[in-house]
Colleague: 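My questions all concern the structure below.
Whatever order the structure lists them in is the order used to number ligands and atoms, beginning at 1. Start at 1 with the first residue, then count along the sequence.
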Amino acid sequence: MGKLALHWKILIGMVAGIIFGIMASQLGWQEIVKDWIKPFGTIFINMLKLIAIPLILVSLIKGIVDLHDISKFKTMGIRTFVLYIATTVIAVSIGLIMVNIIKPGDSVSAETIQQLTIANGETMKEKIQTAAVSQPSGPLQFLVDMVPDNFFKAASVNTNMLQVIFFAIFFGIALLLVDKQIGKPVTDFFTGANEVIMKMVDMIMLMAPLAVFALLSALITEITNPDLFVALGWYVVTVLIGLVLMAGFYGLVVALYLKKSPVFFYKSIAPAQLLAFSTSSSAATLPVTMERVEEHLGVDKEVTSFVCPLGATVNMDGTSLYQAVAAVFICEAMHFDLSFSAQLSIIITATLASIGSAAVPGAGLIMLVVVLESLGLPAESMAIGLALIFAVDRPLDMCRTIINITGDCMVALVIGKSLGKLHTPKPKNLGDNYPEVA
Ligand code: ASP
């Protein structure tokens with residue numbers, strides 16, 4: 001077991017967790033799993049989240065200083081932004097094409113709608129309220145929200161990552177501009193702190209196989225009505241096909257632009273993907289995503305530490321694809337006609353909604369409200385529509401989070417290549433070979 005690669009260990013943990021979860025459900029052990037197994041999964045996620053904010057802060061500042069030149073930062077920033085928007089628009093378009101070909105909404109009977117509405121109605125009212133609170137009050141509100149008025153307040157809430165990123169970039173640029181001699185102790189501090197945090201990631205990852213076992217077995221025992229999953233089969237299939245196509249698109253870019261094998265790409269980031277699946281959170285996965293991109297894909301630190309944290313919060317290809325499919329599906333199921341131009345408008349709203357979604361479980365569903373509202377779906381239909389898809393949201397969230405982080409890895413690789421900032425991967429300091437480096 002000691003020599004087995006990390007992704008295999010995590011995979012074994014996942015499969016064992018699913019099997020154990022099914023067994024536990026049959027045996028009526030739900031309470032035992034909740035009290036004695038789930039906490040280990042929760043501790044693991046908490047530990048990953050614990051280092052997410054310090055990691056973003058330290059690595060972004062270090063990454064910017066390592067660029068040595070403000071114009072390089074500008075080039076990297078513009079390229080990252082353009083690529084993030086481009087991949088998101090491609091994802092939404094794939095989602096729209098798939099949902100129009102498969103038309104999953106047609107297969108939902110009035111009976112299913114009624115059944116699911118009763119099952120999930122109350123929870124949906126809360127979600128719509130949450131979305132209403134998080135909705136911008138003016139066109140520039142998203143810019144205002146990005147700038148914190150108090151650093152400590154921003155750093156104390158994990159969903160405020162964009163504010164921490166703003167501070168880190170601001171600080172990094174200022175550090176780049178001060179006299180090198182004066183800035184040196186500060187730079188040295190962040191270099192050292194970065195190493196320490198990466199070591200913490202290694203240590204946490206030792207727990208990953210066991211933690212995913214706990215997370216998945218708990219999740220399985222919490223599933224209340226598996227029949228609902230079947231009722232929404234075509235919707236689930238549509239989202240999944242879209243996500244697979246998106247994964248294929250990344251592979252194509254890796255093969256054509258980077259001249260690297262897609263197998264190498266996917267093998268290198270597999271532990272991060274498995275973790276994304278198990279935690280449903282790009283933010284919790286971020287420390288591992290960064291480690292894989294830098295150490296295994298060979299992208300230089302200054303690129304990784306800028307592109308990945310930003311991507312975790314703003315680039316969500318899987319989420320935007322899902323939002324496009326879900327929006328059209330709900331409208332179809334509710335017999336709400338969508339014109340071609342309304343469908344096109346989804347490209348813009350789903351892109352913005354995915355940027356606005358926090359990198360935590362279920363955030364995509366909340367921001368879906370924004371997309372549905374912009375389509376003019378009446379509030380009553382919206383509540384029923386959301387209740388309809390709620391039953392299958394968690395498994396889809398797990399899958400779309402994989403694509404969310406894969407997109408970030410692909411963009412980091414492309415930016416790295418375009419700036420000549422790739423190195424031969426040298427996996428060191430890693431969770432999977434921790435005993436050798438310890
Ligand atoms: N869970 C997703 C993420 O963290 C966001 C979402 O689609 O709900 O990337």
Side-chain angles (χ1 to χ4, degrees), residues 41 44-46 48-49 52-53 55-56 84 87-88 91-92 94-95 123-124 126-128 130-131 134 157-162 165 212 215-216 219 235-236 238-240 242-243 246-247 250 269 272-290 292 307-327 329-330 346 349-372 386 389-412:
F44 176 69
I45 295 194
N46 283 355
L48 284 172
K49 285 188 184 161
I53 296 273
L55 174 71
I56 289 181
Y84 278 161
T87 53
T88 307
V92 180
I94 290 180
T123 329
M124 275 317 107
E126 281 166 32
K127 301 257 171 213
I128 293 175
T130 316
S134 58
V157 183
N158 273 353
T159 44
N160 275 348
M161 278 188 186
L162 224 47
I165 290 174
V212 294
L215 287 170
L216 289 187
L219 203 67
Y235 161 68
V236 173
T238 312
V239 176
L240 292 183
L243 295 177
M246 202 57 204
Y250 298 142
I269 61 168
Q273 291 181 313
L274 295 176
L275 215 60
F277 181 80
S278 311
T279 61
S280 282
S281 168
S282 306
T285 313
L286 179 65
V288 183
T289 311
M290 289 176 67
R292 299 315 282 191
V307 177
C308 292
L310 204 63
T313 29
V314 306
N315 185 47
M316 296 195 180
D317 298 343
T319 299
S320 62
L321 187 150
Y322 141 86
Q323 283 170 340
V325 174
F329 169 74
I330 289 176
I346 295 179
T349 48
T351 301
L352 293 177
S354 72
I355 293 174
S357 302
V360 296
L365 179 77
I366 294 173
M367 292 306 279
L368 179 61
V369 174
V370 179
V371 181
L372 290 171
L386 290 174
I389 60 166
F390 183 65
V392 291
D393 199 64
R394 184 58 196 244
L396 289 183
D397 192 2
M398 296 159 89
C399 298
R400 66 189 186 240
T401 309
I402 299 184
I403 295 299
N404 287 349
I405 67 119
T406 307
D408 302 341
C409 296
M410 192 277 287
V411 169

Colleague: Under a 4.5 Å cut-off applied to non-hydrogen side-chain atoms, are N315 and L310 in contact?
Modeller: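 No, side chains not in contact.
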
Colleague: What atoms of ligand 1 come within less than 4.0 Å of a heavy atom belonging to S281?
Modeller: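 Close to S281: 4 (O).
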
Colleague: With a 4.0 Å heavy-atom cut-off (strictly under), which part of L365 contacts ligand 1: side chain, backbone, both or neither?
Modeller: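 The answer is neither.
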
Colleague: Within the structure provided, determine whether C409 and Q273 are in side-chain contact (heavy-atom separation under 4.5 Å).
Modeller: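 No, too far: nothing below the 4.5 Å cut-off.
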
Colleague: As an exercise, identify every atom of ligand 1 less than 4.0 angstrom from a heavy atom of D397.
Modeller: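 Answer for ligand 1: 1 (N), 2 (C), 6 (C), 7 (O), 8 (O).
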
Colleague: Under 4.0 Å from a heavy atom of G364: give me the atoms of ligand 1 that qualify, with their elements.
Modeller: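 Near G364, meaning under 4.0 Å from one of its heavy atoms, ligand 1 has 6 (C), 7 (O), 8 (O).
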
Colleague: Using a strict cut-off of 4.0 Å, indicate which atoms of ligand 1 neighbour a heavy atom of A359.
Modeller: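 Reading through ligand 1 atom by atom, the close ones are 4 (O).
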
Colleague: Does only the side chain of S282 get under 4.0 Å from ligand 1, or the backbone, or both, or neither? Count heavy atoms.
Modeller: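 Near ligand 1, S282 shows its backbone as well as its side chain.
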
Colleague: Would you say that I355 contacts Y84 through its side chain, given a criterion of any heavy-atom pair below 4.5 Å between the two side chains?
Modeller: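 Side chain of I355 against side chain of Y84, heavy atoms only: no contact under 4.5 Å found.
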
Colleague: Heavy-atom distance under 4.5 Å between the side chains of P309 and L286, does that happen here?
Modeller: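 Yes. Closest side-chain heavy atoms under 4.5 Å.
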
Colleague: Quick one: are P361 and R394 in side-chain contact, heavy atoms under 4.5 Å?
Modeller: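 P361 reaches R394 side chain to side chain.
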
Colleague: Can you list the ligand 1 atoms lying under 4.0 Å from a non-hydrogen atom of T319?
Modeller: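 Reading through ligand 1 atom by atom, the close ones are 5 (C), 6 (C), 7 (O).
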
Colleague: Within the structure provided, determine whether F329 and V239 are in side-chain contact (heavy-atom separation under 4.5 Å).
Modeller: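 SC-SC contact between F329 and V239 ruled out.
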
Colleague: Under 3.5 Å, side chain of D397 to main-chain N/O of G364, donor-acceptor pair present?
Modeller: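 Absent.
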
Colleague: Please indicate whether any nitrogen or oxygen in A358 is less than 3.5 Å from any nitrogen or oxygen in ligand 1.
Modeller: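 No - when backbone and side-chain N and O of A358 are compared with those of ligand 1, no distance drops under 3.5 Å.
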
Colleague: With atoms numbered from 1 as shown, which atoms in ligand 1 lie under 4.0 angstrom from a non-hydrogen atom of G362?
Modeller: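 Once the distances to G362 are compared, the set is 8 (O).
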
Colleague: Do the side chains of I45 and S281 get nearer than 4.5 Å, heavy atoms only?
Modeller: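 Result no, sub-4.5 Å side-chain heavy-atom pair not found.
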
Colleague: Which is closest to atom 2 (C) of ligand 1 in terms of heavy atoms, T313, L321, T401, I366?
Modeller: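 Nearest option to atom 2 (C) of ligand 1, by heavy atoms: T401.
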
Colleague: Any N or O on A283 sitting closer than 3.5 Å to an N or O of ligand 1?
Modeller: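 In this structure, A283 places no N or O atom under 3.5 Å from an N or O of ligand 1.
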
